[in-house]
Amino acid sequence: MQTLIINIKELLQVRKTSVEKVSGSEMAILPTIKNAYLLIENDLIAAFGSMEDCPKINPDKTIDASGKMILPTWCDSHTHIVYVGNREQEFVDRINGLTYEEIANRGGGILNSAKKLNEASEEEIYNQSKKRLEEVIQQGTGAIEIKSGYGLTVEGELKMLRVIKKLAQNYPITIKATFLGAHAFPAEFKENHTAYIDLLLNEMLPKIAEEKLADYIDAFCETGYFSVAETERIMEAGLQYGLRSKIHVNQFNAINGIAACVKHKALTVDHLEIVSDDDIEVLKNSETMPVALPSCSYFISIPYTPARKIISAGLPLALASDFNPGTSPSGNMNFVVATACIKMKMTPEEAISAATINGAYAMGISATHGSITVGKKANLIITKPLNSFYELPYSFGTNLIEEVLLNGKLVS
């Protein structure tokens, strides 16, 4: 099956040679081809270039993209989209002056979602979650990481991860699953952290590994949640089962969690709303990708990840949605990219790089996703007619996506 897309106004993020990620000043360079073509064979990108070099072939399908831009689909490397119900009352509570910590301390937050999830059937969880997945696909997301963490019991966590596995089987989007049993301490373990971590590592983790339900392991490393030492224990246990870590860290406080993550070769450190000079130094020359979640900062009115500080230090940065019911109830990566430009002073080129190739690295899939490169998955966004790709973040409230292709096929 051959699909030829012709007359593309501008083809974005073209890489003749595949790159794992882009860092520092490289992030501001977004390679493009104007007046381009793109050839897809089955589910892969087969060729691309200027229209004057377009091959004379008879494809099975031709798409005329006159006036339109094409770019790789978004790679959203941090979400919690498998959940039940919502937390709209907490949204109003915050408007009325309660902080995130105050809401959590009175049984809200993560524990609220955990209660709802444990009361729901696997089928109900799946049916609610698939609607959110279908929505983000239409918004241009072509690869997504989904975390557990609203079970906080053996059966609850397994139930969530089985739902993630079922979503991966039933939808064309690439899905990576992360075990986040260390999201919060259940009320009954509030005074006995060791017992809960023992439950995580001795009961949950072996069963998850046996059923091959997770690709990564995560913990919420933060004051009032999991300490640095507790997080290190979780990262070490994960590695014994082949699960590299992707860690929530520095959302509210800098507690030397980033140094511990780099030491244990974490794939990503996520949130980073608070970043010290020491954190920057320890990330240099590491394999660990910093990940910013700007729609979380927007929704709960906390500082934004200091993107300029991170990029100016020569580091890479990825963008993700943090789609979850409490602090970022949206998986719209177009809004994430726009917010990064508006609030974090990233250039459109940097933000697109952060949400495509660097997002792919943050999921361990940059060999197959995140750029227009021969041999990579034909996961593409076709925009509506645009003046320039700067319109994507500029017109932040407008849907500028006309079509999405996953594995070379238009998504209905």
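Counting from 1, the numbers follow the sequence of the chain as shown. Note that these values count all heavy atoms, side chains included, but never hydrogens, waters or copies made by symmetry.
Look at Asp198 and Arg233 and you find a salt bridge, because one of the NZ, NE, NH1 or NH2 atoms lies within 4.0 Å of a carboxylate O, short of that distance. With salt bridges taken as basic N to acidic carboxylate O contacts below 4.0 Å, none links Lys21 and Glu26. Ion pairing between a basic and an acidic side chain is recognised when a charged N comes within 4.0 Å of a carboxylate O; Arg244 and Glu287 show such pairing.
With sequence neighbours excluded, the residues forming a side chain to side chain contact (heavy atoms under 4.5 Å, CB included) with Pro385 are Lys68, Glu402, listed by chain and number. Asn105 is linked by a side chain to side chain contact (heavy atoms under 4.5 Å, CB included) to nothing, counting only residues two or more places apart in sequence or in another chain. Scored by the ring pair (Phe, Tyr, Trp, His ring centres under 6.0 Å) test, Tyr361 finds no partners at all (sequence neighbours excluded). Considering only residues two or more places apart in sequence or on other chains, Gln2 meets the side-chain hydrogen bond (donor to acceptor under 3.5 Å, both in side chains) condition with Glu41. Every side chain to side chain contact (heavy atoms under 4.5 Å, CB included) that Ser388 has, sequence neighbours left out, goes to Tyr390. For Gln139, the side chain to side chain contact (heavy atoms under 4.5 Å, CB included) partners are Glu135, Val136, Asn332, Asn334, not counting sequence neighbours. Residues passing the side-chain hydrogen bond (donor to acceptor under 3.5 Å, both in side chains) test with Thr288: none are found, sequence neighbours excluded.
The salt bridge (charged side-chain N to carboxylate O under 4.0 Å, His left out) analysis of residues 147-156, with sequence neighbours excluded, yields the pairs Glu145-Lys147, Lys147-Asp218, Glu155-Arg162. Screening residues 317-336 for salt bridge (charged side-chain N to carboxylate O under 4.0 Å, His left out), with sequence neighbours left out, gives no hits. Applying the ring-ring contact (aromatic ring centres under 6.0 Å, His included) test to residues at least two apart or on different chains, the pairs with a partner in residues 157-183 are His80-His183, Tyr150-His183, His183-His248.
Formation of a donor-acceptor pair under 3.5 Å by the Asn7 side chain with backbone atoms of Asp64 is not found in this model. Side chain of Lys116 to main chain of Arg87: no donor-acceptor pair is present (N/O by atom type, distance under 3.5 Å, no hydrogens or angles).
Once rounded to the nearest 0.5 Å, the distance linking CG of Leu158 with NZ of Lys207 reads 6.5 Å. Of the inter-residue distances, the one linking Ile5 atom CD1 with Leu405 atom CG reads 5.5 Å to the nearest 0.5 angstrom. Separating the CD1 atom in Ile234 from the CD1 atom in Ile197 is a distance of 5.0 Å, to the nearest 0.5 Å. Atom OG1 of Thr73 is separated from atom CD1 of Ile401 by 9.5 Å, given to the nearest 0.5 angstrom. Separation of atoms CD1 (Ile164) and OG1 (Thr178) is listed at 7.5 Å; rounding is to 0.5 Å.
Between Asp76 and Thr79, the side chains place no donor N or O within less than 3.5 Å of an acceptor N or O (distance only, hydrogens not considered). A donor-acceptor contact under 3.5 angstrom links the side chains of Asp270 and His78, judged on distance only. Side-chain contact check for Thr305 and Glu273: no donor-acceptor pair (N or O, by modelled atom type) lies under 3.5 Å. Side-chain contact annotation: Asn118 with Thr153, donor-acceptor N/O pair under 3.5 Å present.
In this structure, Leu205 and Leu200 have side chains that are not in contact, with every pair of non-hydrogen atoms separated by 4.5 Å or more. In this structure, Phe185 and Glu230 have side chains that are in contact, with non-hydrogen atoms separated by less than 4.5 Å.
Gly151 and Ala114 get closest at one heavy-atom pair: O-CB, 4.2 Å.
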Less than 3.5 Å apart, which donor and acceptor atoms pair up between the side chains of residues 372-381 and the rest of the protein, not counting sequence neighbours?
from	atom 1	to	atom 2	distance (Å)
Thr373	OG1	Arg15	O	2.8
Thr373	OG1	Ser371	OG	2.7
Lys376	NZ	Ser366	O	2.9
Lys376	NZ	His369	O	2.9
Lys376	NZ	Ser371	OG	2.8
Lys377	NZ	Asp43	OD2	2.6
Asn379	OD1	Asn407	N	2.8
Asn379	ND2	Gly142	O	3.4

Can I get a per-line list of side-chain donor-acceptor pairs under 3.5 Å for residues 289-304, giving both atom names and the distance, sequence neighbours left out?
from	atom 1	to	atom 2	distance (Å)
Ser295	OG	Ser321	O	3.1
Ser295	OG	Ser328	OG	3.0
Ser297	OG	Pro303	O	2.8

